[in-house]
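These numbers were taken from a predicted model, which means no experiment stands behind them.
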8 protein chains.
Amino acid sequence: MELGFAKLDLSRRERTGFDETVFCSGKTKEQLLQIFSAFQKNSCNALGTRCSWEQYEFVRNAMPEVHYDTTSKILSLRNRKPQALAGKIAICCAGTADFPIAEEAATVAEFQGATVEKFFDIGVAGLHRLLSKIEQIRRANVIIAIAGMEGALAGILAGLVQAPVIAVPTSVGYGASLQGIVPLLSMINSCAEGISVVNIDNGFGAAIQACRILKQIAHH
Amino acid sequence: MELGFAKLDLSRRERTGFDETVFCSGKTKEQLLQIFSAFQKNSCNALGTRCSWEQYEFVRNAMPEVHYDTTSKILSLRNRKPQALAGKIAICCAGTADFPIAEEAATVAEFQGATVEKFFDIGVAGLHRLLSKIEQIRRANVIIAIAGMEGALAGILAGLVQAPVIAVPTSVGYGASLQGIVPLLSMINSCAEGISVVNIDNGFGAAIQACRILKQIAHH
Amino acid sequence: MELGFAKLDLSRRERTGFDETVFCSGKTKEQLLQIFSAFQKNSCNALGTRCSWEQYEFVRNAMPEVHYDTTSKILSLRNRKPQALAGKIAICCAGTADFPIAEEAATVAEFQGATVEKFFDIGVAGLHRLLSKIEQIRRANVIIAIAGMEGALAGILAGLVQAPVIAVPTSVGYGASLQGIVPLLSMINSCAEGISVVNIDNGFGAAIQACRILKQIAHH
Amino acid sequence: MELGFAKLDLSRRERTGFDETVFCSGKTKEQLLQIFSAFQKNSCNALGTRCSWEQYEFVRNAMPEVHYDTTSKILSLRNRKPQALAGKIAICCAGTADFPIAEEAATVAEFQGATVEKFFDIGVAGLHRLLSKIEQIRRANVIIAIAGMEGALAGILAGLVQAPVIAVPTSVGYGASLQGIVPLLSMINSCAEGISVVNIDNGFGAAIQACRILKQIAHH
Amino acid sequence: MELGFAKLDLSRRERTGFDETVFCSGKTKEQLLQIFSAFQKNSCNALGTRCSWEQYEFVRNAMPEVHYDTTSKILSLRNRKPQALAGKIAICCAGTADFPIAEEAATVAEFQGATVEKFFDIGVAGLHRLLSKIEQIRRANVIIAIAGMEGALAGILAGLVQAPVIAVPTSVGYGASLQGIVPLLSMINSCAEGISVVNIDNGFGAAIQACRILKQIAHH
Amino acid sequence: MELGFAKLDLSRRERTGFDETVFCSGKTKEQLLQIFSAFQKNSCNALGTRCSWEQYEFVRNAMPEVHYDTTSKILSLRNRKPQALAGKIAICCAGTADFPIAEEAATVAEFQGATVEKFFDIGVAGLHRLLSKIEQIRRANVIIAIAGMEGALAGILAGLVQAPVIAVPTSVGYGASLQGIVPLLSMINSCAEGISVVNIDNGFGAAIQACRILKQIAHH
Amino acid sequence: MELGFAKLDLSRRERTGFDETVFCSGKTKEQLLQIFSAFQKNSCNALGTRCSWEQYEFVRNAMPEVHYDTTSKILSLRNRKPQALAGKIAICCAGTADFPIAEEAATVAEFQGATVEKFFDIGVAGLHRLLSKIEQIRRANVIIAIAGMEGALAGILAGLVQAPVIAVPTSVGYGASLQGIVPLLSMINSCAEGISVVNIDNGFGAAIQACRILKQIAHH
Amino acid sequence: MELGFAKLDLSRRERTGFDETVFCSGKTKEQLLQIFSAFQKNSCNALGTRCSWEQYEFVRNAMPEVHYDTTSKILSLRNRKPQALAGKIAICCAGTADFPIAEEAATVAEFQGATVEKFFDIGVAGLHRLLSKIEQIRRANVIIAIAGMEGALAGILAGLVQAPVIAVPTSVGYGASLQGIVPLLSMINSCAEGISVVNIDNGFGAAIQACRILKQIAHH
């Protein structure tokens with residue numbers, strides 16, 4: 001669908017199995033409203049990530065049916081209930097500062113129909129915290145591992161479970177973390193197998209990848 | 001199991017679902033033989049990646065039951081047939097020079113019991129080649145996308161299918177490809193969703209991640 | 001022409017075929033007014049890129065004949081109609097957030113006398129959008145391909161057309177896009193032939209290069 | 001055309017206006033022979049870049065009709081005379097060490113039917129060399145500027161001519177040239193307009209881009 | 001001299017020939033005042049670089065004898081006239097945006113007793129501007145060449161003169177200039193001889209180095 | 001002591017507590033022999049790191065009293081027994097390929113009089129290996145943690161012990177490990193406290209730092 | 001202890017010998033208050049680094065027993081006196097701008113019971129300042145060397161003393177210091193032995209490492 | 001003078017005061033001979049840097065009047081005695097491995113008529129070595145400071161002398177020295193004033209810059 005500045009990809013659900021998600025940052029609030037209105041007119045579900053409070057307020061004034069979550073900064077519009085996905089996603093996060101990215105992942109996955117279990121603040125500096133949860137984590141079909149700084153959580157987890165681990169480096173940290181480049185490369189270099197990595201702070205991408213995996217359970 | 005220079009992780013299968021794989025490069029041929037002998041004594045299956053011809057010859061002289069593949073540089077020892085995994089992996093590769101990495105992925109996945117279908121030389125500079133195969137690719141449960149240079153294949157595929165895409169950047173190319181760093185970061189930055197990335201030239205890692213995903217189909 | 005802090009290059013049109021363009025960011029508003037006044041006194045056409053609203057207001061108060069475009073942030077002064085260039089430029093842009101750079105390219109090219117056709121939001125995550133426009137794009141003599149994130153649009157286009165493709169990486173994106181360095185290097189490494197690349201967010205530079213190419217049609 | 005390890009893109013000439021070029025490095029000599037034999041069977045012209053002497057000898061033994069140039073390392077097969085392109089390309093090169101890249105560009109361009117004029121060793125450390133040739137260079141329709149180290153040649157030329165300049169950074173140099181990354185970024189950052197850049201040492205890519213531009217002259 | 005947070009190096013003039021210069025950014029305004037008061041009590045000359053307007057105002061209120069220049073952001077205290085240095089420094093600068101760095105260099109050099117001649121806005125995109133001044137520039141004993149973007153000015157100058165060239169890369173520019181890293185490395189890689197380079201935007205350092213050179217004229 | 005090409009620092013023991021160590025790589029074998037002869041004449045102990053077999057053979061032919069270790073590539077000359085240091089160093093190493101660096105550390109520390117305990121192949125991909133040794137490791141006064149790839153071993157250890165951890169990143173690995181830069185930065189960014197880091201592959205430096213720490217036990 | 005968004009590691013003192021320290025930046029002020037309240041309820045000592053004034057004010061209003069230091073930005077809660085550590089730490093800092101990091105190190109070390117001696121503004125540009133203090137510095141059991149720009153202080157010190165040197169690079173400086181990456185790598189590459197390095201601006205980490213070393217004196 | 005592959009810059013002496021120097025690496029031995037023959041025919045002095053033994057032998061067979069130095073790898077042809085330059089250059093070098101670069105600088109400077117004094121192996125890890133020579137070094141008019149690893153020598157020297165310091169980073173070192181990038185950036189960031197930097201391993205460039213400075217003494 002043609003909006004002038006954007007072509008809405010209303011057929012994406014057929015092609016890739018999920019509705020289009022709007023990356024809100026970098027769009028004007030007028031553009032955002034136009035996009036969500038179009039989805040509304042087509043009775044689509046829609047998700048907006050990295051949505052600022054100002055963008056949300058502007059859209060909500062015209063479309064009170066949208067919902068906003070301040071931690072994950074996700075704007076959502078739900079016109080139909082998603083089909084429940086088989087299996088379960090464990091979302092594991094290393095530190096308190098990784099919380100917003102973990103919430104982004106959780107919100108997106110649940111929006112797409114997934115069952116999510118959260119394991120927060122289980123970073124490797126206090127290994128007993130992770131080890132005390134490992135049996136529960138092992139029951140998930142996909143694990144999302146979110147960590148900044150040296151990003152060791154993903155590799156440790158992948159060595160302890162059988163499910164695929166989707167690693168999300170975060171820009172949390174300071175000094176030589178290079179805004180997340182170091183945990184990104186650290187995760188990419190993990191000596192453990194069973195890890196694949198998405199972009200820095202990309203809780204959204206990890207959630208969609210996890211849902212694609214869950215879909216295979218039913219799909220097969 | 002303790003070899004002095006190495007501790008063989010004979011329980012890894014229980015913990016992570018796969019036997020330990022030996023990264024041959026950087027080990028002496030004597031160490032390699034000791035490791036494979038130990039696996040043989042424990043009737044384990046074992047896989048060695050990045051195995052040179054010299055290493056292979058040295059091991060084979062003492063253990064004629066090993067097998068070697070010159071393209072993928074994989075040394076293998078098979079003491080029992082792997083349990084067949086449900087579903088199918090599509091291995092897609094952009095150019096002829098990415099061939100060895102694609103073969104590494106295929107060999108590893110098949111060794112672990114997966115069904116593999118190969119789609120080689122479907123790089124995006126001649127888009128019709130990819131488009132002519134897309135219906136077949138869509139039938140897979142996981143897609144491994146292997147590409148060097150600008151690494152665009154992964155994103156294009158992820159936008160056309162519903163299955164998860166595991167992207168493998170390769171060090172193929174010259175000039176500013178930075179030995180694979182550019183396709184790695186390019187794949188990490190893909191605007192398409194449903195991609196997660198493993199290390200440069202890491203066909204092995206992509207195969208194991210794909211097999212972990214296939215295992216969820218049965219596991220659930 | 002000597003302004004103390006700057007020497008205006010009034011002979012550039014003779015040497016390079018285009019008037020000097022002023023890069024406004026980093027100049028004080030007083031300097032900018034002096035520069036545009038000098039062009040006005042010499043009855044030259046002049047273009048200012050990256051012009052802030054504050055700079056524009058200051059100049060307009062003294063020189064109401066300037067024109068400003070808020071999307072492309074271009075300040076322009078037109079004292080004579082440009083000579084129409086032969087041929088046509090197709091400006092293709094991947095996402096909504098690349099819009100301002102695309103508008104910068106379009107405004108500059110039209111200012112220099114070029115005919116421009118715009119193809120916006122045809123990023124490769126939804127390939128059908130690009131493919132549905134490809135016949136129209138093929139009719140252009142030069143193609144400007146603007147994209148951030150993994151920057152795949154340029155390579156895909158270059159593989160589908162005969163005209164030269166000028167690629168513009170954008171700083172749109174987040175995480176590991178490194179403010180546009182990743183799409184820049186990705187475009188530079190494209191496996192497709194017929195691409196050459198300008199600086200990040202440099203819609204201006206792409207437009208001038210495209211116009212230089214169009215001039216050859218007539219020039220020959 | 002399907003060779004197992006490769007799909008020959010025999011329709012590329014229709015789509016992009018040029019035959020497929022084979023990047024020889026990274027291919028086995030057997031693969032190279034298979035590819036050139038296939039082109040020969042289809043009476044195509046074919047070009048192989050970065051071809052080693054060993055690869056050449058192996059192919060020539062089976063196919064004496066191929067031609068090889070030791071400086072540019074280009075292997076060529078000519079089954080029909082190319083259509084002469086309108087206009088002229090000036091190939092300018094900064095230092096003696098850039099010579100092989102300049103020859104690669106010249107050989108490729110002439111193979112595609114272009115008229116080429118060479119201006120070698122006109123680096124900016126001895127500016128009079130460049131200035132003494134500038135009138136001749138100005139007569140070309142496209143300029144290819146090849147330079148390593150600080151890569152200043154491209155920007156200087158672009159400020160002195162009206163034609164588009166295609167800049168080729170080279171990996172010539174030592175110390176902090178970062179194997180050509182510095183001249184690449186330096187050319188990308190040029191304050192002169194009318195430059196676009198191809199990959200490091202990519203004489204081939206510059207030649208094809210220049211030929212695409214020349215084709216517009218006739219095409220229009 | 002001990003101030004608690006700082007040890008003033010009152011003997012530096014004896015050791016290195018110049019008074020200590022204070023790098024103001026990163027110091028509190030109270031610290032700055034304490035430092036300048038100490039210099040005043042010792043009847044020293046003192047120079048503060050990168051001094052903000054707020055810092056200046058705070059110091060001036062207590063010490064009206066300081067002087068401030070808004071373009072170069074230099075705070076100065078002069079208790080005795082510097083000894084005039086032999087010879088002359090030419091300060092050459094590529095673009096209007098490099099102006100503040102050029103002024104920093106000029107102010108520092110003149111403060112130390114040097115004779116300075118300024119050649120501003122002679123960037124290489126309009127080579128005639130530089131060439132028209134070259135005879136004058138050749139008369140200097142040291143040349144400071146200030147440029148951002150691709151930083152070509154330094155190399156061009158060094159190829160045209162006999163005096164040593166001190167190159168100052170600037171953070172002017174955008175896109176892939178990496179805040180001045182590209183012109184820095186470009187200048188370091190210059191194919192011309194007779195260039196040495198100081199830090200990005202370090203007009204101060206270039207001026208002191210130039211003055212050290214001038215001192216040799218007399219010193220010998 | 002003056003050798004022409006080198007000044008031997010025979011007083012280093014007094015100043016820093018250890019004899020000078022010779023970094024052999026980059027020296028000619030003649031220079032190496034001269035250096036060891038001088039130490040011999042002064043009845044000093046001496047250590048040479050990164051010594052090639054060729055260098056060793058050349059020195060040994062003239063000085064049969066030197067000793068060489070092929071794994072750690074250390075050449076040593078012992079004229080007096082070192083004073084035993086109080087306490088104990090635990091040397092922990094992640095993978096088989098890190099073995100030579102671990103041996104370099106162990107050999108150097110023992111040469112200086114330290115008691116060393118080795119814990120090899122306890123990388124985090126098989127966490128049980130590390131956990132089964134942790135009580136023994138806790139008894140050491142300093143821990144040297146050696147790891148390549150993502151370098152997680154150092155942070156895990158530091159979170160489990162009270163002693164200082166000296167981390168040694170190794171260049172082991174491939175793809176995006178950047179020859180050890182990634183584990184280096186990963187260790188520097190560790191969220192665990194009680195880690196400090198030495199250069200890539202610098203087993204020598206870690207050993208000396210550990211010995212300096214042990215000396216404080218007695219020194220106090 | 002479970003706070004929902006965080007798990008407080010109340011057993012860390014037993015495992016690693018020090019209480020958990022809270023990295024305040026990136027936490028909301030409500031989270032910070034909850035954390036400090038929990039420590040207070042458990043009668044623990046607690047330290048918060050990088051605490052903003054706003055965070056401090058919010059916590060203090062509810063918990064007047066916290067203490068805040070504006071230079072080091074450390075928030076502290078002391079419920080019991082730390083056990084005095086044997087030995088002494090020398091904290092050496094190169095320039096005035098490194099002051100806050102030096103204060104962070106001093107405050108943390110003293111909080112943990114260490115005796116600290118400060119040597120500030122002894123950067124290597126005025127070597128006599130450092131040399132005049134070297135006898136005093138030599139009496140310490142651990143030396144913390146804090147420096148930005150080229151970070152030479154750490155290497156110079158390590159060559160002059162027998163105690164271990166913990167180097168802290170700082171983000172002080174401008175131009176090509178890359179926010180502290182250059183002094184970090186410079187310190188890592190020091191030709192002097194007896195240096196190990198912590199993260200950029202990580203005064204806290206250096207202090208804990210120094211205290212771990214002091215503990216060995218008593219521990220042994 | 002036109003050689004086909006090269007234009008000899010026989011007028012460089014007039015323009016820049018020195019004969020052209022040939023960078024031998026990257027040239028064929030036939031090209032090198034042609035170049036030196038041309039200089040010989042014009043009775044010029046000529047210098048070739050980075051000349052391999054093979055290149056030398058080839059040239060010498062045809063031109064026995066050339067001279068070669070194996071340490072500095074300089075090929076020279078002297079047809080007339082250089083005019084002696086006023087003043088003196090001190091060449092200071094940190095370690096034995098920096099020796100060849102120091103010899104390159106010394107040979108080049110002496111070839112151009114300069115008086116050179118060498119101070120080798122005075123690296124900062126043993127500061128007394130440097131301090132014992134400082135009075136002699138202070139007598140020079142220019143100082144060339146050559147160092148790898150952390151490159152601290154240049155800054156230390158610049159803080160102790162009045163003459164300009166030309167810093168030469170070397171690629172000596174290992175691990176994170178990044179082939180000399182770290183000492184390069186470290187020298188660029190020096191907190192000492194009076195330093196300017198040339199390319200990694202560029203002894204030649206430092207010598208020419210030093211000679212340009214010496215020429216000002218006489219020139220004035």
Side-chain angles (χ1 to χ4, degrees), chain F residues 9 12-18 20-21 23 86-88 108 134 138-144 158-169 181 184-185 187-200 202 204-220, chain G residues 9 12-18 20-21 23 86-88 108 134 138-144 158-169 181 184-185 187-200 202 204-220:
Chain F
D9 189 359
R12 183 174 290 192
R13 169 162 283 273
E14 283 90 280
R15 283 198 336 282
T16 71
F18 301 100
E20 196 172 18
T21 302
F23 184 62
K88 192 169 66 176
V108 170
I134 195 66
R138 274 193 185 123
R139 278 179 223 123
N141 298 84
V142 197
I143 292 158
I144 294 177
L160 294 170
V161 304
Q162 298 206 7
V165 174
I166 311 297
V168 188
I181 294 290
L184 165 59
L185 292 179
M187 287 162 162
I188 284 282
N189 278 287
S190 178
C191 54
E193 63 200 39
I195 302 179
S196 52
V197 185
V198 298
N199 204 349
I200 298 163
N202 192 3
F204 162 74
I208 294 294
Q209 183 73 319
C211 290
R212 282 195 175 201
I213 292 171
L214 291 190
K215 280 210 168 172
Q216 300 311 312
I217 300 175
H219 176 269
H220 183 65
Chain G
D9 189 0
R12 183 174 289 191
R13 170 163 282 271
E14 283 91 280
R15 282 197 338 281
T16 70
F18 300 100
E20 195 171 19
T21 302
F23 184 62
K88 190 168 67 177
V108 170
I134 195 66
R138 274 193 184 123
R139 280 179 221 121
N141 298 85
V142 197
I143 291 158
I144 295 177
L160 293 170
V161 304
Q162 299 207 8
V165 174
I166 312 298
V168 188
I181 292 290
L184 165 59
L185 292 179
M187 285 162 163
I188 284 283
N189 278 288
S190 179
C191 55
E193 63 198 41
I195 302 179
S196 52
V197 185
V198 299
N199 204 349
I200 298 163
N202 192 4
F204 162 73
I208 295 294
Q209 183 73 320
C211 289
R212 282 194 176 203
I213 292 171
L214 291 190
K215 281 210 168 173
Q216 300 311 312
I217 299 175
H219 177 269
H220 182 65

Could you check whether any side-chain N or O of [X] sits under 3.5 Å from a backbone N or O of [Y], counting only pairs where one atom can act as donor and the other as acceptor?
X: F/R138; Y: F/L160; answer: yes
X: G/N141; Y: G/G87; answer: no
X: F/E193; Y: G/A207; answer: no

Which heavy-atom pair separates G/A163 from F/R212 by the least distance, and what is that distance?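 Taking every non-hydrogen atom into account, O-NH1, 2.8 Å.
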So which residue, G/V142, G/I188, G/L184, G/I166, ends up with the most heavy-atom pairs under 4.5 Å with chain F?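 Max contact count across the listed options: G/I188.
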If you tally heavy-atom pairs under 4.5 Å against chain F, which of G/G205, G/G194, G/C211, G/S190 wins?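 Between G/G205, G/G194, G/C211, G/S190, the count favours G/G194.
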Does any backbone or side-chain atom of F/I181 lie under 4.5 Å from a heavy atom of chain G? Answer side chain, backbone, both or neither.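 Contact with chain G is absent: no heavy atom of F/I181 under 4.5 Å.
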Sort F/F23 into side chain, backbone, both or neither according to what part of it lies under 4.5 angstrom from a heavy atom of chain G.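 When you check distances to chain G, no heavy atom of F/F23 falls under 4.5 Å.
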Proximal component of G/I208, with respect to chain F [non-hydrogen, under 4.5 Å]: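 It is the side chain, since no backbone atom gets that close.
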Is any side-chain heavy atom of G/S196 closer than 4.5 Å to a side-chain heavy atom of F/V198?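 Answer yes - side chains close enough.
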